[in-house]
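Shown next, in structure tokens, is the structure this report addresses.
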Protein chains: 2
Amino acid sequence: MDNNVKNYADEEHCPVRNVLDRFGDKWSMLVLMLLSDMEVLRFNEIHKYIGTISQKMLTVTLKKLEVDGLVNRKAYPEIPPRVEYSLTDRTKTLMPIIQDLAQWANQNMADIQYSRSKAV
Amino acid sequence: MDNNVKNYADEEHCPVRNVLDRFGDKWSMLVLMLLSDMEVLRFNEIHKYIGTISQKMLTVTLKKLEVDGLVNRKAYPEIPPRVEYSLTDRTKTLMPIIQDLAQWANQNMADIQYSRSKAV
DNA sequence: AATAGTAATTACCTAAAGGTAAGTGGCAAA
DNA sequence: TTTGCCACTTACCTTTAGGTAATTACTATT
């Protein structure tokens with residue numbers, strides 16, 4: 001068995017680890033889904049939609065998504081500042097999968113919560 | 001705007017938060033994918049396949065998946081103990097989505113790493 | 001009598017994630 | 001002259017995730 005063991009956890013090369021780690025955090029998926037629904041949003045709009053995210057974490061989350069090329073950031077040189085966020089083309093191929101995931105979660109939440117309740 | 005704001009982050013009711021939080025951790029997806037490939041595995045087999053997971057985290061991960069009804073645990077009353085893990089029917093409807101996610105990660109990893117490298 | 005084998009469990013520790021609250025810059029309006 | 005607006009940034013703190021290494025229970029084998 002030992003020499004046909006696949007590389008299931010190679011941190012450097014495993015795409016799942018390397019890429020999906022990035023939105024396994026608390027807020028990224030939520031931000032992506034919101035932007036998918038609303039198309040373009042300013043910083044404070046996102047902040048209001050997701051009532052419970054802190055300003056700091058919204059900054060961090062958006063910056064990580066931007067660095068990965070999953071979100072566009074467009075800053076207008078105005079006072080007070082205006083910054084608009086939207087999804088990139090790359091993200092648009094991802095969203096259907098995330099929507100499937102969300103749908104699965106919707107369909108299975110009740111059963112899963114029932115399982116949890118039985119587990120004491 | 002304020003009164004048509006959707007409930008994007010309600011911790012108690014949002015299915016995405018409530019359900020998908022559970023495999024946004026470091027190991028759950030990997031364990032699910034491995035079990036999907038191999039069908040039935042013992043504790044130590046999983047441990048060997050995923051060379052870098054600690055015994056403690058494998059225990060924790062499997063228990064959480066079991067509690068959610070995503071993994072079956074079958075213990076044989078033998079000495080030394082034998083415990084076999086496999087996916088549940090509930091998980092089998094989830095795996096195609098996870099496979100899609102993995103495929104997307106595969107297809108986009110190179111681009112994303114390039115984006116990251118440009119971001120300094 | 002000692003050791004090996006399996007599936008954990010436990011105590012302890014470190015690092016990372018995330019929250020809070022205050023501050024920044026620059027202009028316009030009161 | 002103060003206040004408000006916006007998009008952050010910073011310092012500080014708490015909580016959670018995850019790692020290490022030792023230990024457990026039970027029996028068969030050496």
Side-chain angles (χ1 to χ4, degrees), chain A residues 1-2 8-9 11 14 17-18 20-31 34-35 40-68 71-86 119-120, chain B residues 1-2 8-11 14 17-18 20-31 34-35 38 40-68 71-86 119-120:
Chain A
M1 193 186 90
D2 268 353
Y8 268 91
E11 314 238 347
C14 172
R17 283 299 278 287
N18 210 300
L20 303 187
D21 263 12
R22 254 354 213 258
F23 39 86
D25 64 6
K26 191 168 178 183
W27 300 112
S28 294
M29 267 202 167
L30 218 48
V31 169
L34 181 56
L35 284 173
V40 177
L41 287 175
R42 298 178 63 175
F43 185 91
N44 273 349
E45 290 175 328
I46 303 177
H47 193 232
K48 275 175 207 155
Y49 274 98
I50 309 179
T52 50
I53 192 173
S54 67
Q55 230 167 356
K56 174 191 148 189
M57 284 315 296
L58 182 53
T59 306
V60 168
T61 302
L62 287 169
K63 186 163 291 171
K64 276 162 75 181
L65 291 173
E66 192 200 351
V67 163
D68 280 11
V71 152
N72 293 313
R73 179 183 187 277
K74 183 167 187 187
Y76 296 85
E78 303 172 358
I79 300 281
R82 178 159 61 106
V83 180
E84 289 180 350
Y85 292 94
S86 57
V120 180
Chain B
M1 192 188 92
D2 268 354
Y8 268 92
D10 183 326
E11 314 238 348
C14 170
R17 283 302 278 287
N18 209 299
L20 303 188
D21 261 13
R22 260 342 220 262
F23 39 85
D25 64 5
K26 190 169 178 183
W27 301 110
S28 292
M29 266 201 170
L30 217 48
V31 169
L34 180 57
L35 283 174
M38 310 303 287
V40 177
L41 287 175
R42 299 179 61 177
F43 185 91
N44 274 348
E45 289 175 330
I46 303 176
H47 193 233
K48 277 176 205 156
Y49 273 98
I50 308 177
T52 50
I53 193 173
S54 67
Q55 229 167 352
K56 175 191 149 189
M57 285 314 297
L58 183 53
T59 306
V60 169
T61 302
L62 286 169
K63 187 164 289 169
K64 277 162 73 182
L65 291 172
E66 191 200 352
V67 163
D68 279 11
V71 152
N72 293 312
R73 179 184 187 278
K74 183 167 186 186
Y76 295 85
E78 301 173 358
I79 300 283
R82 177 160 61 107
V83 181
E84 290 182 347
Y85 291 94
S86 57
V120 181

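Chain letters run A, B, ... following the sequence lines, proteins first and then strands; every chain starts at 1.
Taking every side-chain heavy atom of A/Pro81 into account, C/dG25 is the closest of C/dG19, C/dG5, C/dG25. The side chain of B/Asp25 lies closest to D/dG18, out of D/dC8, C/dG18, D/dG18. Listed nucleotides: D/dC6, D/dC8, D/dG19. Nearest to the side chain of B/Trp27: D/dG19. Set against C/dA7, D/dA11, D/dG19, the side chain of B/Val83 has C/dA7 as its closest nucleotide. Side-chain proximity of B/Lys26 to the nucleotides D/dG18, C/dG19, C/dG26 is greatest for D/dG18. Relative to the side chain of A/Arg42, the nucleotides D/dA7, D/dC8, D/dC12 differ in distance, and D/dA7 lies closest. For B/Ile79, the listed nucleotide lying nearest its side chain is D/dC26; candidates were D/dC26, D/dC6, D/dA11.
Straight-line distance from the NE2 atom of B/His47 to the P atom of C/dT6: 13 Å, rounded to whole Å. For the pair A/Arg82 CZ and C/dG26 C1', the computed distance is 17 Å after rounding to whole Å. One can place OH of B/Tyr76 at 13 Å from P of C/dA8, the figure rounded to the nearest angstrom. For the pair B/Lys74 NZ and C/dT6 C1', the interatomic distance rounds to 18 Å; values are reported in whole Å. Separating the CG atom of A/Leu58 from the C1' atom of D/dA7 is a distance of 10 Å, rounded to the nearest angstrom. Rounded to whole Å, atom P of D/dT9 lies 9 Å from atom CZ of A/Phe43. If you take CZ of B/Phe23 and C1' of D/dG18, they are 20 Å apart, rounded to a whole angstrom. The nearest whole Å value for the distance from the CD1 atom in A/Ile46 to the P atom in D/dC6 is 14 Å.
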Stepwise side chain to side chain contact (heavy atoms under 4.5 Å, CB included) test for B/Gln55 and B/Phe43: CA-CA 9 Å; B/Gln55 229 167 352; B/Phe43 185 91; 3.9 Å; yes

Check against side chain to side chain contact (heavy atoms under 4.5 Å, CB included), A/Lys64 and A/Asp25: CA-CA 11 Å; A/Lys64 276 162 75 181; A/Asp25 64 6; 3.7 Å; yes

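A donor-acceptor contact under 3.5 Å links the side chain of A/Lys56 to the base of C/dG19.
Paired with B/Leu62 under the rule side-chain contact (heavy atoms from CB on, under 4.5 Å), one option of B/Leu58, B/Thr59, B/Val60 passes, and it is B/Leu58.
For the OP1/OP2 pair of C/dT9 and a distance below 4.0 Å, the side-chain nitrogens and oxygens of B/Lys63 include at least one atom meeting the criterion.
The CD atom of A/Glu84 sits 10.5 Å away from atom CD1 of A/Ile46, with the distance rounded to the nearest 0.5 Å. Note: B/Thr52 OG1 to B/Leu30 CG = 7.5 Å, rounded to the nearest 0.5 Å.
Here A/Gln55 lies in heavy-atom contact (under 4.0 Å) with a base. Within the 4.0 angstrom heavy-atom criterion, only backbone atoms of the sugar-phosphate kind lie near A/Tyr85; the bases stay farther away.
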